Enquirer: 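Pasting a structure below so you can have a look.
This is a predicted model, so every value here is computed, not measured.
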Amino acid sequence: MARQNNHLVIMAGGVGSRFWPMSTPERPKQFIDVLGTGKSLLQLTVERFGKMVPAENVWVVTNEKYADIVASQLPDMPRGNILSEPCRRNTAPCIAYVSWRIKSRDPKANIVVTPSDHVVMNVQEFQRVVSECMAFTEDSDAIVTLGMKPTRPETGYGYIQADLSSPSLRNKQVFRVDNFREKPDLETAEQYIKKNNYFWNAGIFIWNVSTIVNAFRVYQPKLAKIFEALLPVYGTEGEQAAINEQFPKCENISVDYAIMEKAEEIFVCPADFGWSDLGTWGSLQQQLKRDLYGNAAIGSDISLFESHNCIIHTVQERKVVVQGLDGYIVAENDDTLLICKLSEEQRIKQFSGEA
């Protein structure tokens, strides 16, 4: 059973077209069916929390232009739990806003914050880890972040350096954070994975509402002042107008810079549940089941011949036959078909005209 003070915050304001042609700035990847399950990444994010959080305590923070998409994909969510940002200001203002909003309703809230566009392959293990971390933060002033055990020298992720010499007395799977490291070059990433105390930063945070609000008051007083002053309007008809006026005044800053790298009671829980932020077609290919030749395919009628190390994503109702390709992306959406070398994926925006 979910604890009544548990809250889930999903950050769903990201824009871009990493999975073009399926995703576009009008419908970013969190709102599309990347995995071919019939559900968007946003819907899968809500689903994986299962019974850990009461339905009325699920919150989504998104850009105002995506609020209707969120409402249509999560029809059971109270519309008042969809918080609309009038402009992009990174993750710190996003988290500050929703934290004060939750505090106005539940001063004892225990919160997990997650991106909306990541994938988790082992949901049961994910639920176990998050539940234990929420028990850890419930009655303490600790901030916990999840650290993914690295499987390769990845240069696209930030890293968390943990002090593994002494686990927390309250939970032997939780350790203090020594440092947060920026996305490294390949040589540095190779050094990180040779050690056992460096983990990928998944951007999943757990804390109680008093802890995070107090952290903003101490380390980001200007942000705290903005959202503290709005306490009288949260949950009223005047909330959106007040946010529209005040939110653009917020500094554009990530929660990592604003809070995580400054606060003292920061812990990491190393975890391994098949996590990926699905930043590229290549990362999606690595998460999917592949055939003997390294091909991954999502679609109802796909045949591959003499092809290797490809990813095919064609979920519309048509037969697809691919022959003689090695290391390619083949993806379609409506009237657009992409055929591109995986090694040239970063140039997709240039090809598509989305740059």
Enquirer: Evaluate the side-chain proximity of I143 to T137: yes if any heavy-atom separation is below 4.5 Å, no if none is.
Expert: no

Enquirer: Could you go through K222 and I226, starting from their C-alpha distance and side-chain angles, then the distance that decides it, and tell me whether this counts as side-chain contact (heavy atoms from CB on, under 4.5 Å)?
Expert: CA-CA 7 Å; K222 291 182 179 179; I226 289 173; 5.8 Å; no

Enquirer: Minimum heavy-atom separation for H7 and M134, please, with both atom names.
Expert: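 That closest heavy-atom pairing would be O-CE, 4.1 Å.
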
Enquirer: Closest heavy-atom contact between I329 and K341?
Expert: CD1-O, 4.4 Å

Enquirer: Within a reach of under 6.0 Å around CD of Q323, are more than 12 heavy atoms found that belong to other residues, nucleotides or ligands?
Expert: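 Yes, the 6.0 Å shell around CD holds more than 12 heavy atoms from other groups.
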
Enquirer: Quickly, which of Y328, F19, W20 forms a ring pair (Phe, Tyr, Trp, His ring centres under 6.0 Å) with W281? Name it, please.
Expert: F19

Enquirer: Is R290 close to N295 at the side-chain level, that is, under 4.5 Å between some pair of heavy atoms?
Expert: no

Enquirer: Please identify which of these residues, I102, V113, L8, meets the side-chain contact (heavy atoms from CB on, under 4.5 Å) condition with W59.
Expert: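 Answer after filtering I102, V113, L8: I102.
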
Enquirer: Name the orientation class of the two ring planes belonging to F227 and Y97 (parallel below 30°, tilted from 30 to 60°, perpendicular beyond 60°).
Expert: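 Correct class here is parallel.
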
Enquirer: So, E332 versus T314: side-chain donor-acceptor pair below 3.5 Å or not?
Expert: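 Not at all, the side chains of E332 and T314 share no donor-acceptor pair under 3.5 Å.
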
Enquirer: For K108, is the NZ atom crowded, meaning more than 12 foreign heavy atoms sit under 6.0 Å from it?
Expert: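 Incorrect, the count does not exceed 12.
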
Enquirer: Going by the rule salt bridge (charged side-chain N to carboxylate O under 4.0 Å, His left out), which residues pair with D301 if we only count those two or more places apart in sequence or in a different chain?
Expert: K319

Enquirer: Verify, without hydrogens or angle tests, whether N208 (side chain) and A109 (backbone) share a donor-acceptor contact under 3.5 angstrom.
Expert: no

Enquirer: Have Q161 and R181 got a donor and an acceptor in their side chains that come within less than 3.5 Å?
Expert: yes

Enquirer: Could you tell me if the side chain of T155 sits less than 4.5 Å from the side chain of D185, heavy atoms only?
Expert: no

Enquirer: Is the charged tip of R89 near the ring of F247: under 6.0 Å from the six-membered ring centre and within 45° of its axis?
Expert: no

Enquirer: Can you get from V177 to V144 by hopping between Ile, Leu, Val, Met, Phe, Trp and Tyr side chains that sit under 4.5 Å apart?
Expert: no

Enquirer: Taking the six-membered ring where the residue is Trp, are the ring centres of F126 and F49 under 6.0 Å apart?
Expert: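 Centroid separation for F126 and F49: below 6.0 Å.
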
Enquirer: Looking only at non-hydrogen atoms, find the nearest pair between W207 and M260 and report the distance.
Expert: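 Scanning both residues, the minimum pair turns out to be CZ3-SD, 4.2 Å.
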
Enquirer: Take the angle between the ring planes of Y198 and Y192 and call it parallel below 30°, perpendicular above 60°, tilted in between.
Expert: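 Because their plane-to-plane angle is under 30°, the rings of Y198 and Y192 count as parallel.
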
Enquirer: Can I get a per-line list of side-chain donor-acceptor pairs under 3.5 Å for residues 167-175, giving both atom names and the distance, sequence neighbours left out?
Expert:
from, atom 1, to, atom 2, distance (Å)
S168, OG, R170, N, 3.2
R170, NH1, F136, O, 2.9
R170, NH2, F136, O, 2.8
N171, OD1, Q173, N, 2.8
Q173, OE1, R128, NH1, 3.4
Q173, OE1, R128, NH2, 3.4
Q173, NE2, E132, OE1, 2.9

Enquirer: Do the non-hydrogen side-chain atoms of L284 and L35 ever get within less than 4.5 Å of each other?
Expert: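 Result yes, sub-4.5 Å side-chain heavy-atom pair found.
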
Enquirer: If you take the centroid of each ring, where Trp contributes its six-membered ring, are Y234 and W100 closer together than 6.0 Å?
Expert: no

Enquirer: Check ring-ring contact (aromatic ring centres under 6.0 Å, His included) between F31 and all other residues, then give those that pass, not counting sequence neighbours.
Expert: Y66

Enquirer: If we count only N and O atoms by modelled type, under 3.5 Å, do the side chains of N81 and R101 hold a donor and an acceptor together?
Expert: no

Enquirer: For a quick test of reading the model, state the closest non-hydrogen atom pair linking P184 to Y157 and the distance between them.
Expert: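 P184 and Y157 have their closest heavy atoms at CD-O, 3.4 Å.
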
